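First the structure, in the form of structure tokens, and then the observations on it.
Lettering of chains follows the sequences in order, A, B, ..., and the numbering in each one begins at 1. None of the values given here were measured: they were computed from a predicted structure. Side chains are part of it too, since the values below use all heavy atoms of this structure and drop only hydrogens, waters and symmetry mates.
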Amino acid sequence: MIQEAANKNEAHIAVTDLTMAYGDFVVMRDLNFTIGQGEVFIIMGGSGCGKSTLLRHMIGLIEPARGKVLYDGESFWDAKPEERDRLMRRFGVLYQSGALWSSMTLAENVSIPIEEYTNLNSSQIRELVALKLSLVGLAGFEEFYPSEISGGMRKRAGLARAMALDPDILFFDEPSAGLDPVSAKRLDDLILELRESLNTTVVIVTHELASIFAIADNCVFLDPDTRTMLTTGNPKTLLAESKDPKVHTFLTRGEEG
Amino acid sequence: MTETAAEQCGLSFQKQADDTLSVFFAGSWKSNQGLPPFNKVQQEIQSNPQYKHVTFDTQELTDWDSGFLTFLIKVFNHCSQQKISVNDEGLPQGAKRLMAIATAVPEKETHTDKVPDPLLSRVGAQTIEVVHASREVLDFIGEASLAFLKFLVGKARFRRSDLGLIIQDCGAQALPIVSLISFLVGLILAFVGAVQLKLFGAQIYVADMVGIAMVREMGAMMTGIIMAGRTGAAFAAQLGTMQVNEEIDALTTLGISPMEFLVLPRMLALIVMMPLLCLYANLMGILAGFFVGIGMLDLAPMQYFYQTQAAVDMTNISLGVIKSVIYGVLIALSGCLRGMQSGRSASAVGIATTSAVVTAIVFIIVSDGIFAVICNALGI
């Protein structure tokens, strides 16, 4: 029992023997890695190798062809539908382009999950929404529609919505895509700050080297040629120690060796 | 953690020095289990006007989430209004950092409580909007005509395969719904006519009535309304979605006119298919009348056929066909116009689609009215 508890603590999220496929077409096979509580974990690899697909498997949008995704030892796809709903409520997801609902204001976007899953009254919801928006630097933008704000702001608003229910785990799909370096850095800082403050586990899909080195505790490297993962570990250690030429080339942008 | 989570959240106060209030937080502060009302803090602060500083003690605090933060924000805001300084030293590390982020960016001034404009100014604004909208419509019609002229001289650029697909979609695939509706319309006309004409023993004239009504009016109009709902809406949704994805911008920057590439094939498809659908609808309507005549009024099949043949002349048929061509142009134009005008969001595409159908139906009815007046004047 004690052993089990220790294991759980170690592997907050565990992906075991995961094979992803669209019909007969195998995208990736035999993925094995674990993510600890409060870790910033990065899924990296070249364009089109299945990073986002892996993320979609982890957040329960696509069922794996084989293998498991475990949250605190509980297998997501073996769980009953209501259990799955409960697990999913522990996730916050920031999609690539924000995926804000365009017919709703920012305040409505953030308040939908709160209305759905808590029994707070409307003034409490309003306060909570204002808090979430101010955390991402959008205080006072409650009544704006997604079409009226910039791409970077949309992303931050998406983050506010992802954080609406104080999730344990935040998933980001290419958070810095389409952002200028300064905004990307600010988003990275914000992610780190949230992790520090709330001990949130963060899973990020990205190929931005600057972000990878700045914020990652651990990462997994997917290779489209062999259709599986090449390695997992801390990116700085990987850069220093990995013998694999592909990993090395990726982490140095192919500029060395 | 799980044992303490059940604990009630506690809020208590202690006077530290003459001018300092210490706020104690205890237990688990989670928004979904109910938090103490904020006015407790307010009352405490008001009870002693000497308070100049507020400090926090959270040693007994076991667990917290955003609810705790919203409470803190209220304390911070109230204190700053009352010119009382707040010392956040006693807060948990995480909460302190989040409070720093949350209060870092000053709130943007938004004018949510706008005063409505006076009546005259609203009327003026609406009028200007109508003028603008009409100008846009005229612009669009002008550009569409130019594209059509270019097509006539063989210079328009669009993909022939697109045209084929659109023709298939708004021609052959519309047949089932056109059959159903026009057959029912013919049936209804025949029934209504039969009941009345039977009173005078003039049942045979059901054939004249159904034939003329279908060929001259109902065939074209029902086809027009069906196609407005079916194809006009589809055009608006397609072009609207392309607008959202910046696909139309991509065409423009490549130097390809969206008018020729997108609007022209849609217009041509309807110009070609509408008359055919209209003729088909006429036939279905007359067929329905035929069944009513044979089944209900005991007319002989050949008798009904000859009566219809005598009543429906080429003038009536060509009038209906001409109308259907005009309706086709109107449907294509309004569908494409609203699609091109669409905003860049999912709801804007919805609005564009609705507005395309409404515009097309209004145009159809209005032009039918104009036709009626002209035919009357010319004695057709």
CG/A:D72 to NE2/A:H12 distance, rounded to the nearest 0.5 angstrom? 5.0 Å
Could you have a look at B:A348, B:G350, B:A346, B:G94 and say which one has the most heavy-atom pairs with chain A under 4.5 angstrom? B:G94
Check: residues 66-76 of chain B side-chain donor-acceptor pairs under 3.5 Å, at least two apart:
from	atom 1	to	atom 2	distance (Å)
B:S66	OG	A:K132	NZ	2.3
B:S66	OG	A:D166	OD1	2.5
B:S66	OG	A:D166	OD2	3.0
B:T70	OG1	B:G67	O	2.7
B:K74	NZ	A:E127	OE1	3.1
B:K74	NZ	A:E127	OE2	3.3

In terms of side-chain heavy atoms, does B:D249 have a donor or acceptor partner in B:T252 at a distance below 3.5 Å? no
Name the region of A:L165, side chain, backbone, both or neither, that has any atom closer than 4.5 Å to a heavy atom of chain B. neither
Chain B contacts, top residue of A:T118, A:L128, A:L120 (heavy-atom pairs, under 4.5 Å): A:L128
Most contact-rich option vs chain B, by heavy-atom pairs under 4.5 angstrom, among A:E196, A:M104, A:E193, A:Q124, is A:E193
Run the salt-bridge test on A:R195 and A:D217 with the 4.0 Å N-O cut-off and return the result as yes or no. yes
